[in-house]
Engineer: 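Can you keep this structure in mind? I'll have questions shortly.
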Amino acid sequence: MADSTPLPSSEAPNDAAVEREATRRSRRSFLLLAATGLAGLGGWRWLVSRPTDDGVPWPLRRVLDANGQLAQEYFSNAHLAPVFPKAQARAPRVNGDIGLRSALDAAAWRLRVLGYAPAGPARAQEFTLADIQALPRVEMTTELKCIEGWSVVVSWAGARLSDFLQRYPLATDPRRSGLAPYVSLFTPDEQYYVGLDIESALHPQTLLCYEMNGQPLTPEHGAPLRLVTPLKYGIKHLKRIGTIAFLHQRPADYWAEQGYDWHAGH
Amino acid sequence: MKQLVEKHPLAIRWFHWVNFPVLALMIWSGIWIYWANDVYRLGWGHTTLLKFFPKSFYQAFHIDHKLAQGMAWHFVLMWVFALNGLLYVAYTLISGEWRALLPSRHSFAEAWQVVRHDLGLRQEPLPARKFNGAQQIAYTAVILMGAGSLLTGLAIYKPTQLAWLTTALGGYEWARAEHFILTIGYVLFFVVHIAQVVRAGWNNFRAMLAGFEVVEVPPPAPLPAAQPASASSITPPLSA
């Protein structure tokens, strides 16, 4: 352009040519935008119309599970939730009583554990609260995080699930010495149930908890024994544990069935 | 005479227009999540100037009881938001576009002039550059905000595995508040951005879509050696 020599008469036709080119390119770009927008809209409509997998369209569920697997790659027992001074501890809100609606008979309560048996019938073993309390006592003041978005510092005491499993090796298959990949917990009435990955279950901050803020657990907070793990949202902190089962397949999870992330992991 | 001048590279236009619906859906799913614990407000003591959000807002847009869907969408689209942002930053660095975007030490004084100009307090024309100081600051700030959203988002997504990050951001509750404040920041950015785009007009807007602007340029000066006789006769009046 710079080295061409314009003629006096060339200006107007040149402007017209520029305008024509501008119109052509604009039209092309707007059509592309419209087509892309429609494709995006179509993709979105396709997504939301997919059959649901536990409450969410299956492609979203796939991504949630992929996120969970990816997070597992970075997971480490050395990554610990921050701990706080005991004086900061507060009583958490009681959020729901599913699985706790029947009266608790503390004397008759037993923890039932179904050992890992991928190929055969599970070995069931029962424990009293005294059995759990005989394990090394761990106190920990951590933040309880509700999936709703609030959090509160609570002081817990109990036995590490990993210590329990070291004393009672129920997560391993005695014949093949393999470790169960999953843990299922449910309340005695089986109305509330959660699933955990074994890594989270064996983390040093995952407790079979019997005390909250220096007092034995009250029924609404999960007496006599509940799960506490700062690796998961509060929805996984199952209260009044009835049964713990070590499984080969990913177990059902009450809130995951309502559309939440099965991992719900921190 | 008129001329097409290339303004925004194709890649930047794609990043920009992909980001628009993705960020909108991130904010929307974020509101679904936020509803379940809607504790933030503007105010002090018992005085509340603005509650985030009023009940009427939730009702008008059916925000309530969508926590699970909100989280599902948020944790899917976060990938698109993050990848698009990272690709944009990488592209500006590799292509050299960052030179037009990054504020210089003059940008802040210039941004003040732009503000005064836009409020009608200053008559002098704005600098005729691709991005003036105010734009450089705004467009760089919004990228830093995007990085902030990713970091605060990660901090509340994995507060145990990434405890160092959550702690560095002031803890779990602060990270959530920061994540929210950044989102309010996008909304404010959007309002000003739309107002400025409307003000700047069609030519400017079209450049973000089609890439070019039509500008008035003086015709190239004739080569003196080639046609000295006609040189004076073709000098048009400068129009711009």
Side-chain angles (χ1 to χ4, degrees), chain A residues 1-8 10-12 14-16 18-19 21-22 25-30 32-33 36-37 40 44 47 55-57 59-61 63-64 67 71 74-76 79-82 142-143 145-151 203 205 230-232 255 258-261 264-266, chain B residues 1-4 10 13-14 17-18 21-22 25 33-39 66-69 71-73 75-79 156-164 166-167 171-173 176 202-203 206 208-216 219-223 226-227 230-231 233-234 236:
Chain A
M1 194 91 188
D3 57 356
S4 72
T5 309
L7 297 166
S10 71
E11 195 190 332
N14 191 23
D15 275 6
V18 167
E19 286 291 357
E21 173 70 359
R25 281 186 58 181
S26 300
R27 189 189 298 129
R28 198 177 57 185
S29 292
F30 275 89
L32 184 63
L33 177 79
T36 311
W44 182 77
L47 256 181
V56 286
L60 299 190
R61 178 65 71 188
V63 178
L64 291 183
N67 289 346
Y74 185 70
F75 182 94
S76 162
H79 297 156
L80 297 172
T142 50
E143 214 165 19
K145 301 171 205 82
C146 179
I147 201 161
E148 292 172 350
W150 52 268
S151 61
H203 187 278
Q205 289 178 313
L231 300 161
K232 302 283 178 186
W255 286 108
Q258 318 271 327
Y260 289 88
D261 179 14
H266 286 158
Chain B
M1 63 180 273
K2 287 180 170 151
Q3 197 181 330
L4 295 191
L10 181 65
R13 286 179 274 144
W14 272 102
W17 290 110
V18 165
V22 171
L25 289 170
I33 296 169
Y34 172 76
W35 169 87
N37 184 40
D38 60 338
V39 288
K66 291 196 169 74
L67 173 61
Q69 290 122 290
M71 292 180 88
W73 280 105
F75 300 146
V76 170
L77 290 172
M78 67 177 185
W79 291 110
I156 48 184
Y157 184 49
K158 298 291 164 195
T160 299
Q161 300 309 315
L162 302 173
W164 57 272
T166 313
T167 304
Y172 184 72
E173 294 197 347
R176 186 178 190 257
W202 175 248
N203 207 21
R206 182 177 55 191
M208 201 62 219
L209 266 162
F212 64 88
E213 276 187 333
V214 176
V215 292
E216 286 289 343
L223 297 174
Q227 277 182 310
S230 61
S233 68
I234 61 157

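We name chains A, B, ... by the order of the sequence lines, and we start the count at 1 in each one. Because the structure is predicted, anything quoted here is derived from the model rather than measured.
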Engineer: Top residue by heavy-atom pair count (under 4.5 Å) with chain A, among B:Ala210, B:Ala72, B:Pro21?
Structural biologist: B:Ala210
Engineer: So do A:Val63 and B:Phe75 actually touch side chain to side chain, heavy atoms under 4.5 Å?
Structural biologist: no
Engineer: When only pairs under 4.5 Å are counted, which of B:Met71, B:Glu213, B:Arg13 shares the most heavy-atom pairs with chain A?
Structural biologist: B:Met71
Engineer: Rounded to the nearest 0.5 Å, what separates atom OG in A:Ser26 from atom CH2 in B:Trp202?
Structural biologist: 6.5 Å
Engineer: Provide the closest heavy-atom pair for A:Asn67 versus B:Met78 in the form atom of the first, atom of the second, distance.
Structural biologist: ND2-CE, 3.6 Å
Engineer: How far apart are the closest heavy atoms of A:Pro82 and B:Pro159, and which atoms are they?
Structural biologist: CD-O, 4.3 Å
Engineer: Look up atom OH in B:Tyr34 and atom CD in A:Glu148, then write down how far apart they are to the nearest 0.5 Å.
Structural biologist: 13.5 Å
Engineer: Specify the closest pair of heavy atoms between B:Gln161 and A:Leu231, including all atoms of both residues, with the distance to one decimal.
Structural biologist: NE2-CD2, 3.5 Å
Engineer: What residue, out of B:Asn37, B:Thr160, B:Thr166, B:Ile156, has the most heavy-atom pairs lying under 4.5 Å from chain A?
Structural biologist: B:Thr160
Engineer: Go through the atoms of B:Trp164 and report whether side chain, backbone, both or neither lie under 4.5 Å from a heavy atom of chain A.
Structural biologist: side chain
Engineer: Below 4.5 Å from any heavy atom of chain B, which atoms of A:Ile147 appear? Answer side chain, backbone, both or neither.
Structural biologist: both
Engineer: Heavy-atom cut-off 4.5 Å, strictly under: side chain, backbone, both or neither for A:Leu80 against chain B?
Structural biologist: backbone
Engineer: Find the distance between OH (B:Tyr157) and CG (A:Asp261) and round it off to the nearest 0.5 Å.
Structural biologist: 6.0 Å
Engineer: Report the distance from atom CG of B:Leu162 to atom NE2 of A:His79, rounding to the nearest 0.5 Å.
Structural biologist: 8.0 Å
Engineer: Are any non-hydrogen side-chain atoms of A:Trp150 and B:Val39 less than 4.5 angstrom apart?
Structural biologist: no
Engineer: Got A:Val56 and B:Trp73 here, is their nearest side-chain heavy-atom distance under 4.5 Å?
Structural biologist: no
Engineer: Can you tell which part of B:Val214 gets under 4.5 Å to a heavy atom of chain A, answering side chain, backbone, both or neither?
Structural biologist: side chain
Engineer: From B:Glu173 CD over to A:Lys145 NZ, what is the distance, rounded to the nearest 0.5 angstrom?
Structural biologist: 10.5 Å
Engineer: What part of A:Thr142 lies closer than 4.5 angstrom to a heavy atom of chain B: side chain, backbone, both or neither?
Structural biologist: neither
Engineer: Check each atom of A:Ala22 against the heavy atoms of chain B and say whether the ones under 4.5 Å are side chain, backbone, both or neither.
Structural biologist: both
Engineer: Quick one: of A:Arg28, A:Glu19, A:Arg61, A:Arg27, who has the most non-hydrogen atom pairs under 4.5 Å with chain B?
Structural biologist: A:Glu19
Engineer: Testing the basics here: between B:Met1 and A:Asn14, what is the closest heavy-atom pair and its distance to 0.1 Å?
Structural biologist: CE-ND2, 2.8 Å
Engineer: Which bit of A:Gln258 comes within less than 4.5 Å of chain B, counting heavy atoms only: side chain, backbone, both or neither?
Structural biologist: backbone
Engineer: Under a 4.5 Å heavy-atom cutoff, which of A:Trp44, A:Trp255, A:Tyr74 has the most pairs with chain B?
Structural biologist: A:Tyr74
Engineer: Check whether A:Asp15 reaches the backbone of B:Lys2 with its side chain - one donor and one acceptor, N or O, closer than 3.5 Å.
Structural biologist: yes
